[in-house]
**Q** 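First the structure, which I've put down as structure tokens, then a few questions once you've had a look.
A, B, ... follow the sequence lines: proteins, then strands. Residue 1 opens every chain.
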Protein chains: 2
Amino acid sequence: MVTILDVARLAGVSKATVSRALNGKVFVREEVKARIMQAIEETGYKPNQLARNLANNKTNSVGLVITNGLYNGPFFSSMIYHAATNSEMHGRQLVLADGKHSAQEERDAIDLLLSLRCEAIMIYPKYLTVEELDEIIEQSETPIVVINRELVRHRSQCVFVDHQQSCAAMMAYLLAQGHTRIAFVAGSEGSPTGESRLAGYHNALRNAGIEPDPQLLVRGTWSTDSGYEAGRELLARDVPFTCVLAGNDDMAIGVAKACHEAGLRLPQDVSLAGFDDSVIGKYYNPSLTTIHVPMDEMIRHAVGIVLTPEDNASCSHQGELVRRESVRTLL
Amino acid sequence: MVTILDVARLAGVSKATVSRALNGKVFVREEVKARIMQAIEETGYKPNQLARNLANNKTNSVGLVITNGLYNGPFFSSMIYHAATNSEMHGRQLVLADGKHSAQEERDAIDLLLSLRCEAIMIYPKYLTVEELDEIIEQSETPIVVINRELVRHRSQCVFVDHQQSCAAMMAYLLAQGHTRIAFVAGSEGSPTGESRLAGYHNALRNAGIEPDPQLLVRGTWSTDSGYEAGRELLARDVPFTCVLAGNDDMAIGVAKACHEAGLRLPQDVSLAGFDDSVIGKYYNPSLTTIHVPMDEMIRHAVGIVLTPEDNASCSHQGELVRRESVRTLL
DNA sequence: CTGTTAGCGCCTTCAG
DNA sequence: CTGAAGGCGCTAACAG
């Protein structure tokens with residue numbers, strides 16, 4: 001492996017001078033610089049970032065913990081895209097760590113990033129509870145920001161969207177179209193996002209003077225497949241409904257398939273809506289009414305919190321209703 | 001920052017002993033070990049991976065260069081998923097680098113990974129040509145494997161699927177269903193994948209004794225939006241066709257939207273097919289006939305090449321026809 | 001402007 | 001089994 005010493009020798013200077021020529025803080029005579037560049041060229045020298053990071057005691061990197069499940073394709077990739085883009089805008093390299101399938105593995109992922117000496121860590125938790133996250137934040141020297149959880153004890157270390165009120169907005173719209181028998185496909189049991197949306201559904205119904213019918217509630221696990229199963233289950237119950245609201249767009253697409261198989265047309269026979277505004281929804285036929293979650297904004301905010309803590313905008317973000325073809329009016 | 005020295009002092013031993021206790025290659029008295037663990041607990045010590053990597057001169061990481069465009073969501077995330085999973089199975093952490101928007105930036109991404117001292121690098125190139133890749137491989141000390149390009153000079157450093165023959169298989173199927181006026185939505189100009197599929201289309205037509213009609217060829221840029229535009233363009237030309245084959249599933253979905261807007265029903269009025277077997281295709285209505293690209297297999301192979309070079313299975317993989325509802329038979 | 005001298009935190013001989 | 005000493009490749013004072 002060719003080191004800075006090899007370059008220094010070839011150029012007939014000291015290591016320090018090479019280092020300076022490379023990092024450009026201090027001036028180096030042009031002539032010497034040229035000789036050094038020449039030597040670098042000849043030797044094919046590539047600075048060892050590890051050594052550099054160790055010497056500087058900083059890594060120019062930020063970590064992101066996210067559970068890398070194949071099922072969450074669009075969501076996952078949009079998140080990584082925004083995280084990488086925003087990190088780079090701050091001159092930082094994004095390092096990913098997989099939270100896998102348990103709270104312990106999410107902790108391990110954080111530890112990995114910590115041991116890699118990332119300057120800051122962002123986590124989109126799946127298994128860790130807010131209490132556990134609170135604790136982790138308190139014990140950590142390096143800045144941590146939690147995405148998609150409201151941390152009341154650490155309001156400036158989290159960004160999230162208010163799912164309950166997004167759901168309320170969606171329900172208001174659905175009710176306004178004349179739907180009263182609205183089925184709901186909830187997300188995984190225990191998922192805060194899922195529970196908030198479910199709560200939003202129940203509240204909206206009650207506020208409209210409609211008692212929620214348990215027969216109209218089914219559970220999925222966020223995946224399209226689970227949405228399909230949920231749809232079949234719902235249909236099998238043979239209770240009347242005019243609209244299905246799914247906990248996310250993926251499940252909504254699954255429900256749509258179940259409806260088609262049953263010979264139901266969208267939106268003539270049944271209306272459908274979801275959450276997340278995933279790409280597919282825009283192009284699905286019929287295009288899917290949904291709630292847009294401002295991922296870009298949230299991630300930009302998260303990166304900002306962790307890299308330039310002086311900015312602290314409010315941690316709460318708003319979802320936005322996107323009306324498309326899949327919901328028809330009954331009026 | 002708490003270092004190994006702090007732990008050593010607290011436990012009343014030397015740094016070396018702590019290191020040994022942690023790495024477990026050499027035996028340390030149980031009693032001493034316990035004291036050390038206790039000290040680690042108390043101090044909250046986390047080994048500095050940077051220092052460790054520098055001392056060991058290895059990083060236990062493999063790099064992946066890929067252009068992180070938002071548009072290529074499903075493809076991108078499936079790739080990362082498999083790369084991360086397979087790397088971890090070999091005990092390596094996956095590090096991503098964005099190839100962005102030019103050959104130079106792809107080179108930079110490789111250099112970044114090299115300077116991070118990744119043990120091996122995988123690249124899914126977008127801008128670098130095979131000649132440039134050949135050169136990079138020859139000059140690099142660290143193993144590099146190229147995904148989705150056939151490198152004739154480096155057959156054991158690449159994995160790819162034979163797109164031309166996959167396309168031939170698709171065309172054979174389409175022709176067998178009685179379609180002869182088949183439109184083609186090509187991918188970006190200059191993309192090897194796109195050109196191979198296009199070549200497969202042309203050859204299949206000629207082999208069937210059909211002269212390709214330039215009016216039936218439109219260009220897209222892989223995105224759903226571009227597929228939509230391409231579909232509109234095609235419809236505007238007002239030439240007859242019974243089927244459209246798109247260069248990937250995303251564009252196929254875009255074409256479908258254009259068809260719906262024009263009042264055409266799928267597959268009754270026009271048949272549709274794509275490539276890549278993306279999740280959306282399975283759930284689209286009608287479900288999309290496509291070619292499955294064995295990403296899992298390819299990535300597993302790529303990781304294998306680079307981490308355990310003794311395995312060298314053939315670098316070529318086969319796509320597989322997935323027949324679904326979007327193509328109807330004319331017979 | 002440039003060379004010399006010390007580390008960064010950890011691992012690994014080499015003695016004991 | 002354990003301690004002392006040296007080094008991984010680079011940067012950062014401190015002199016010249």
**Q** Answer yes or no: does a side-chain N or O of Thr17(A) lie under 4.0 Å from OP1 or OP2 of dT2(C)?
**A** no

**Q** Compute whether any side-chain donor of one residue and acceptor of the other, for Ser196(A) and Thr193(A), lie under 3.5 angstrom apart.
**A** no

**Q** Who pairs with His317(B) by ring-ring contact (aromatic ring centres under 6.0 Å, His included), at least two apart in sequence or on another chain?
**A** His301(B)

**Q** Please give me the minimum heavy-atom distance between Thr221(B) and Ser188(B), naming the atom from each residue.
**A** CA-OG, 3.4 Å

**Q** Is there a salt bridge (charged side-chain N to carboxylate O under 4.0 Å, His left out) between Arg155(A) and Glu150(A)? Walk through the geometry before answering.
**A** CA-CA 7 Å; Arg155(A) 305 210 114 260; Glu150(A) 180 169 6; 2.4 Å; yes

**Q** Quantify the bending of the helix from dC1(C)-dG16(D) to dG16(C)-dC1(D) as the angle between its end axes, each fitted on five pairs, to 10°.
**A** 40°

**Q** Residues in side-chain hydrogen bond (donor to acceptor under 3.5 Å, both in side chains) with Arg92(A), at least two apart?
**A** Glu119(A)

**Q** Just by distance, with hydrogens left out, do Asn60(B) and Lys58(B) show a side-chain donor and acceptor under 3.5 Å apart?
**A** yes

**Q** Is the closest side-chain donor-acceptor distance between Tyr81(B) and Asn68(A) under 3.5 Å?
**A** no

**Q** Regarding Gln104(B) and Ser102(B), do their side chains bring together a donor and an acceptor under 3.5 Å, going by distance alone?
**A** no

**Q** Can a side-chain donor-acceptor contact be found between Glu195(B) and His163(B) if the only test is distance below 3.5 angstrom?
**A** no

**Q** For nucleotides 8-16 of chain C, read 5' to 3', which letter fits each nucleotide if B means a protein heavy atom sits under 4.0 Å from the base, S means only the sugar-phosphate is that close, and - means neither?
**A** BBBBBB---

**Q** For DNA chain D, which nucleotides open and close the run of contacts to chain A, 5' to 3', at under 4.0 angstrom from a non-hydrogen atom?
**A** dG9(D) to dA13(D)

**Q** With Asn57(B), which residues qualify under side-chain hydrogen bond (donor to acceptor under 3.5 Å, both in side chains), at least two apart?
**A** none

